[in-house]
*Asks:* 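To start, I am sharing the structure in question, which I have written as C-alpha cells.
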Number of protein chains: 2
Amino acid sequence: MFDFLTVVKALADENRIRALLALRDGELCVCDIIELLDLAPSTVSKHLSILRQARFIDGRKDGRWIYYRLASDKAPFQVQEAIKWVCDSLSKDDTAKKDARKIKQIVKNHAKKSCQT
Amino acid sequence: MFDFLTVVKALADENRIRALLALRDGELCVCDIIELLDLAPSTVSKHLSILRQARFIDGRKDGRWIYYRLASDKAPFQVQEAIKWVCDSLSKDDTAKKDARKIKQIVKNHAKKSCQT
DNA sequence: CCTATAATTCGCCATATAACGAAATGTTAA
DNA sequence: TTAACATTTCGTTATATGGCGAATTATAGG
C-alpha cells in the first residue's frame, strides 16, 4: 500500500505529469525539462527526484548533464501499467500536445548549441 | 489534463483507496465505510464526495442511507482503467485483505441489525 | 410532533506539498 | 587555478489537504 501510494502521489501533480509525458519520445536532460515547464531548477529537480523515487524514471549522468528517461522495462509492473494508463488517458490532451511541440523545438536548439562546440 | 488530475488526486490518499477497494464486492452505505476506516463521519463523507466527483463511485439513496458503489460501467474510460489498475496493483495488499475481512463482518452485523427491526 | 439516525456542509487547525532563492556539489573549459 | 555551468540540497514561505466537531438537512419511527 505504501509503495502504491508513492506511485500515485508521484502522479498527483500537473508538472510531474507533463515531465513524464515529455519523456515518452526519449531521454531529456534536466535543463530541457526546466525550459519546458518554465520553473526554477530546484523545483524541477525536486519533481524529477519524486518521479525517480517512484520508479517512473531513470537518470544517466553524462558530464555535467543528467539525462532522464522513462524507466519502462526496469520499473515494477504496477508502474509500467501506470505509465500506459497516463499515456493513454492523455494521448489527446492539449497541454501534452503543445509540450510535445515545444520539446522538439528545445531539442533542436539543444543540438545546434552542441554543434557549436 | 484538469479532469485527469482530478482522477489522479482522488486516488492520492490511503483512505480513499481503501474505500474504493472496499466497494469491489458490491455497494456499501456510508456508515459501513465509516466503520471500516474508523474516521469521523464528516471526513468519510468528504472522501466519498471526492471519489464521486472523480467519477469513481455512484451514490444511491434508500431511506436514511446512501449506498455507494463502483461506477465501473458508467465511468469514463480513463476512470475504468484506473480502477483496474488500482485493483490489480493491490490485489495482494495486506491492508486491502484485512479490510475485505472487516467489511464482511460489518455487513454481517448490519444484516443482523436489519433483521431485528 | 418530537426524537434518533444517516449523511452532508462548514469552519477550524495541523500537516503536507510546491514553489523559490541561496548555497553546495561536481564537471567542463578557459 | 579559476570561471562558468548543470544539478542538487537546504531553508523558507504560501497554499492545499486531511482531520475533527458543530451545525444542518432529510428521513424513520415512537
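Below, chains carry the letters A, B, ... as their sequence lines are ordered, and counting in each starts from 1.
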*Asks:* For a 4.5 angstrom cut-off between non-hydrogen side-chain atoms, does B/Trp65 reach B/Val30?
*Replies:* no
*Asks:* Whole angstroms only, please: what is the CG-P distance between B/Asp13 and C/dT17?
*Replies:* 11 Å
*Asks:* Quickly work out the A/Arg64 CZ to C/dT27 C1' distance and round it to whole Å.
*Replies:* 7 Å
*Asks:* Do B/Asp13 and A/Val8 have side-chain heavy atoms sitting under 4.5 Å apart?
*Replies:* no
*Asks:* Begin with the C-alpha distance, continue with both residues' side-chain angles, and end with the deciding distance and a verdict on ring pair (Phe, Tyr, Trp, His ring centres under 6.0 Å) for B/Phe4 and A/Trp85.
*Replies:* CA-CA 11 Å; B/Phe4 183 75; A/Trp85 171 57; 5.0 Å; yes
*Asks:* Between A/Arg16 and A/Trp65, who's closer to the 5' end of DNA chain C by nearest nucleotide?
*Replies:* A/Arg16
*Asks:* Give the rounded distance in Å between these two atoms: CD1 of A/Ile33 and C1' of D/dA6.
*Replies:* 13 Å
*Asks:* Between P on D/dA26 and CZ on B/Arg60, what's the gap in Å once rounded to a whole number?
*Replies:* 20 Å
*Asks:* Quick check: closest heavy atoms across B/Leu21 and B/Ala96, and the distance to 0.1 Å?
*Replies:* CD1-CB, 3.8 Å
*Asks:* Would a 4.5 Å heavy-atom cut-off, applied to side chains only, mark B/Glu81 and A/Ser89 as touching?
*Replies:* no
*Asks:* From NE2 of B/His47 over to C1' of D/dC20, roughly how many Å is that when rounded to an integer?
*Replies:* 12 Å
*Asks:* To the nearest Å, give me how far apart CG (A/Asp38) and C1' (C/dC20) are.
*Replies:* 13 Å
*Asks:* Less than 4.0 angstrom between a side-chain N/O of A/Lys61 and OP1 or OP2 of C/dT27, yes or no?
*Replies:* yes
*Asks:* Contact between A/His47 and A/Leu39 at the side-chain level, heavy atoms closer than 4.5 Å - yes or no?
*Replies:* yes
*Asks:* Can you tell me how far C1' of D/dT17 sits from CD of B/Gln53, to the nearest Å?
*Replies:* 14 Å
*Asks:* Taking the side chain of B/Ile50 as heavy atoms from C-beta outward, which of D/dA26, D/dG18, D/dG21 is closest to it?
*Replies:* D/dG18
*Asks:* May I have the distance from B/Glu35 (atom CD) to C/dA7 (atom C1'), rounded to whole angstrom?
*Replies:* 16 Å
*Asks:* Please list, for nucleotides 8-12 of chain D, all pairs of protein and nucleotide N/O atoms separated by less than 3.5 Å.
*Replies:*
{"residue": "D/dT8", "atom": "OP1", "partner": "A/Tyr68", "partner atom": "OH", "Å": "2.8"}
{"residue": "D/dT8", "atom": "OP2", "partner": "A/Ser45", "partner atom": "OG", "Å": "2.8"}
{"residue": "D/dT8", "atom": "O5'", "partner": "A/Ser45", "partner atom": "OG", "Å": "3.1"}

*Asks:* Considering heavy-atom distances to DNA chain C, does A/Asp62 or A/Lys9 have its closest nucleotide positioned more toward the 5' end?
*Replies:* A/Lys9
*Asks:* CZ of B/Arg69: more than 12 outside heavy atoms within 6.0 angstrom?
*Replies:* no
*Asks:* When you measure from the side chain of B/Leu39, which nucleotide among D/dA26, D/dC20, D/dT7 comes out closest?
*Replies:* D/dC20
